[in-house]
Amino acid sequence: MADDLMQKIISLCKRRGFVFQSSEIYGGLKSAYDYGPLGVEMKRNLMNAWWRDTVHSREDVVGLDASIIMHPKVWQASGHLSGFSDPLVDCKVCKERFRADKAPAVEPGQEVTIELADKGRAKAALTYIEEQFGVTLKRSGRQLNGAKAGDRPYVCPNCGSPFMSDERNFNLMFRSFYGPVDPMGALASAIESGEFNGLSGADLRQKLDGFTKDSTVYLRPETAQAMFVQYANIQQSMSLKIPFGIAQAGKSFRNEITVEHFIFRSCEFEQMEMEFFCEPGTEDEWFEYWKETRMGWWKKFANNPENFRVRTHEASELAHYAKGCYDVEYRFPWGWDELEGIANRTDYDLKKHAEHSGSKIEYFDPVERKRYTPYVIEPAAGATRGVLTYLCDAYHEEQVEGPKGTDTRVVLKLHPQLAPVKVAVMPLVKKNGMPEKARALVDALFRRGINASYDAQNAIGKRYRRHDEIGTPWCLTIDGETLEDGTITIRDRDTMEQRRIPIDDAVTEIETLLRSE
RNA sequence: GCGGGAGUAACUCAGUGGUAGAGUGUCAGCUUCCCAAGCUGAAGGUCGCGGGUUCAAAUCCCGUCUCCCGCUCCA
């Protein structure tokens with residue numbers, strides 16, 4: 001059933017215009033998705049709600065919309081260039097891929113034992129090693145003895161084998177070249193003129209880097225850094241007093257080793273981040289405050305708040321910049337997984353940028369007459385993950401009795417603030433001036449900024465079901481009585497109940513409902 | 001990256017070497033006064049992509065891309 005749920009959501013997303021695979025007619029691009037007409041509405045609704053609640057409804061947070069491409073030194077200072085670039089190695093015996101710096105250490109030449117999962121694999125490995133490396137080992141059960149460690153000071157963490165591929169650097173940041181001159185031109189000339197003759201290994205690598213390093217730029221792997229880099233400009237231009245926050249929402253890019261779960265982990269994704277600057281010594285209370293605030297925010301739109309929880313990070317899982325971290329997790333169909341991280345980043349980032357840029361990044365408290373580097377609490381949420389979360393939370397099936405027997409009704413119980421279409425207006429039948437009245441009502445709703453939809457296709461029952469499936473909270477129907485007494489019906493998505501209201505009150509009624517939810 | 005599964009109409013899927021199908025959906029018209037309605041008609045398919053075998057390939061073989069599940073990895 002749980003596996004089923006993702007299939008159903010993915011299918012509904014495509015069928016109804018929420019999410020399509022990117023470049024589908026060309027075979028699709030891995031991990032890239034497009035938000036269709038309903039998906040873009042839902043994602044914007046979510047991000048607008050975040051902006052409204054994080055920036056517009058408080059005095060102590062301001063916004064920023066920074067460039068996605070920043071000075072490359074930003075990523076050097078933040079630690080992303082080194083920290084996001086790990087030497088990975090593949091074991092040729094058991095196919096394990098691992099980080100060289102985390103593998104078990106051995107002395108060169110030391111005798112090692114290789115242990116496979118079972119006897120069959122051990123036999124196959126024995127033959128493979130003999131054929132590929134010309135080394136004959138002794139097998140005993142699922143163990144192979146007699147292998148010696150090579151030049152590298154580690155073995156495979158899975159099977160203990162010293163037979164592995166070269167170390168390969170995996171840079172998790174997207175790299176590009178700034179400027180219209182393609183560095184490949186100069187590189188090609190250099191190769192033709194023999195500049196690379198005789199070079200190999202690290203020397204070759206360094207020489208190659210020399211041709212691209214002046215124009216190399218990166219797509220940001222997180223939106224956070226711009227808020228540290230622009231901290232001083234923002235604090236001064238807005239005369240902000242600590243504590244205060246800077247918020248930003250937008251795209252980030254990471255070459256994830258593994259992408260998975262539809263839009264959950266993709267290389268291009270959207271974040272909603274806020275950096276809250278506070279006085280050292282007060283960070284713990286703000287850490288708790290933002291944990292509570294953010295958790296409450298997620299639950300506000302949820303049908304099943306019990307599927308949201310906070311998990312405290314163990315010291316061993318903390319990122320290099322963090323002193324503490326809470327994850328807001330949601331129970332996805334595949335299990336609990338991260339939706340937002342609330343981190344205590346200390347003064348790490350500001351100090352690093354001060355150090356690398358040479359500019360002073362501090363705060364002067366005019367009352368206390370003291371100067372310090374602020375501490376930072378960072379609630380960093382996944383906007384695209386939020387979309388998936390609320391799709392999962394809202395998806396609901398129920399059995400209903402109809403004229404042709406039992407039928408399954410699919411309802412997206414989206415919070416009205418998140419629903420792509422707020423209200424559908426429909427003539428019960430296409431005659432007696434009903435379509436005209438319905439269209440006039442849609443116009444009246446449009447004029448108040450409410451995303452309404454006119455629908456006269458098929459029978460009334462199908463229209464209701466269609467709007468249930470895309471999460472439209474209310475349907476307004478013009479019928480015979482409307483022509484006599486000026487009332488229409490308003491139908492509730494979740495209960496399917498209907499009541500009559502005057503058509504002249506319809507717009508105000510919807511506005512009231514949208515505000516009260 | 002490894003292992004497993006899958007890719008045929010917008011969706012769900014049938015089709016094991018011989019003329020590409022069903023249900024749902026979509027569109028048009030008629031009908032219909034409230035919950036998958038009825039009737040009539042219509043549109044829609046490079047069978048993921050590329051190559052091979054064959055008189056003949058959705059079907060067999062090879063490669064490749066994409067998605068899903070598990071592991072691994074990752075903030």
Side-chain angles (χ1 to χ4, degrees), chain A residues 2-4 6-8 10-17 20-33 80 83-84 86 88-92 94-99 102 117 157-158 165 168 170 172 221-222 224 252 254-262 265 267 269 271 313 317-322 325 327 333-335 337-338 340-341 343 378 380 382 385 399-410 426-432 434 457-469 475 477-484 488-489 491 493 495-498 500:
Chain A
D3 298 346
D4 242 32
M6 279 304 286
Q7 296 300 341
K8 285 174 177 172
I10 292 167
S11 159
L12 187 150
C13 278
K14 181 174 183 188
R15 188 158 32 90
R16 293 301 191 198
F20 308 114
Q21 183 169 25
S22 163
S23 321
E24 193 184 56
I25 61 167
Y26 288 104
L29 179 67
K30 187 189 295 217
S31 162
Y33 294 93
H80 285 88
F84 262 43
D86 305 314
L88 294 188
V89 177
D90 293 306
C91 172
K92 294 200 169 174
C94 72
K95 309 297 182 197
E96 177 84 353
R97 167 172 289 183
F98 57 92
R99 279 176 58 168
K102 290 197 172 172
N158 182 50
S165 70
R168 287 178 293 177
F170 280 65
L172 269 29
E222 62 175 23
S252 294
R254 293 181 195 174
N255 275 315
E256 299 286 356
I257 294 175
T258 314
V259 291
E260 59 187 355
H261 302 310
F262 192 40
R265 176 178 285 133
C267 293
F269 59 105
Q271 297 184 293
H313 274 216
E317 8 168 24
L318 290 174
H320 62 280
Y321 50 75
C325 187
D327 275 354
W334 62 88
D337 220 330
E338 180 183 351
E340 171 159 2
E378 174 196 80
R385 286 183 179 186
Q399 302 303 315
V400 292
E401 291 305 320
K404 289 202 282 187
T406 309
D407 174 48
T408 304
R409 184 174 85 111
V410 175
M426 37 188 85
L428 186 59
V429 291
K430 280 189 275 188
K431 59 182 185 186
N432 299 338
M434 291 181 202
Q457 294 301 337
N458 305 102
I460 191 76
K462 278 196 182 174
R463 290 181 245 164
Y464 287 151
R465 290 299 170 85
R466 192 158 53 225
H467 281 283
D468 288 342
E469 208 179 19
C475 292
T477 303
I478 282 74
D479 60 12
E481 278 184 66
T482 313
L483 310 176
E484 292 164 19
I488 59 172
T489 63
R491 171 193 183 265
R493 175 194 68 198
T495 62
M496 296 195 282
E497 279 166 11
Q498 284 175 283
R500 298 202 74 88

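Letters go in sequence order (proteins before strands), and every chain restarts at 1. Because the structure is predicted, anything quoted here is derived from the model rather than measured.
Considering only residues two or more places apart in sequence or on other chains, A/N255 meets the side-chain contact (heavy atoms from CB on, under 4.5 Å) condition with A/F174. Residues passing the salt bridge (Lys or Arg N to Asp or Glu O under 4.0 Å) test with A/D337, sequence neighbours excluded: none. Residues passing the salt bridge (Lys or Arg N to Asp or Glu O under 4.0 Å) test with A/R265, sequence neighbours excluded: A/E260. For A/E256, there are no salt bridge (Lys or Arg N to Asp or Glu O under 4.0 Å) partners at least two apart in sequence or on another chain. Not counting sequence neighbours, A/K30 has no partner by the salt bridge (Lys or Arg N to Asp or Glu O under 4.0 Å) test. Applying the side-chain contact (heavy atoms from CB on, under 4.5 Å) test to A/E338 and every residue at least two apart in sequence or in another chain returns A/D327, A/R385. A search for side-chain contact (heavy atoms from CB on, under 4.5 Å) contacts involving A/E469 returns A/L12, A/R15, A/R16, A/V410, not counting sequence neighbours. Applying the ring-ring contact (aromatic ring centres under 6.0 Å, His included) rule to A/Y33 yields the partners A/F262; only residues at least two apart in sequence or on another chain are considered. With sequence neighbours excluded, the residues satisfying side-chain contact (heavy atoms from CB on, under 4.5 Å) with A/Q399 are A/T406, A/T408.
At a threshold of 4.0 angstrom between heavy atoms, the contacts of A/D468 with the nucleic acid are absent.
Taking only distance into account, the side chain of A/Q498 meets the base of B/C34 through a donor-acceptor pair shorter than 3.5 Å. A/Y26 contributes no side-chain N or O that forms a donor-acceptor pair with the base of B/C49 under 3.5 Å. The base of B/C74 lies outside donor-acceptor range of the side chain of A/R254, with no N or O pair under 3.5 Å. In terms of polar N and O atoms assigned as donor or acceptor, the side chain of A/R491 comes within less than 3.5 Å of the base of B/C35 in a complementary pairing.
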So which protein nitrogen or oxygen atoms get under 3.5 Å of nucleotides 29-33 of chain B's nitrogens or oxygens?
| from | atom 1 | to | atom 2 | distance (Å) |
| --- | --- | --- | --- | --- |
| B/C33 | O2 | A/G480 | N | 3.3 |
| B/C33 | N3 | A/G480 | N | 2.9 |

Can you tabulate the close N/O pairs, meaning under 3.5 Å, that link protein atoms to atoms of nucleotides 11-13 of chain B?
| from | atom 1 | to | atom 2 | distance (Å) |
| --- | --- | --- | --- | --- |
| B/C11 | OP1 | A/K14 | NZ | 2.3 |
| B/C11 | O3' | A/S11 | OG | 3.3 |
| B/C11 | O2' | A/S11 | OG | 3.4 |

Protein-nucleotides 5-9 of chain B N/O pairs under 3.5 Å:
none

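When both distances must be under 3.5 Å, the Watson-Crick or G-U wobble mate of B/G63 is B/C49. In this structure, B/A56 makes no Watson-Crick or G-U wobble pair, since no nucleotide meets both defining distances under 3.5 angstrom.
B/U8 and B/A58 have their P atoms separated by 15 Å, with the value rounded to a whole Å.
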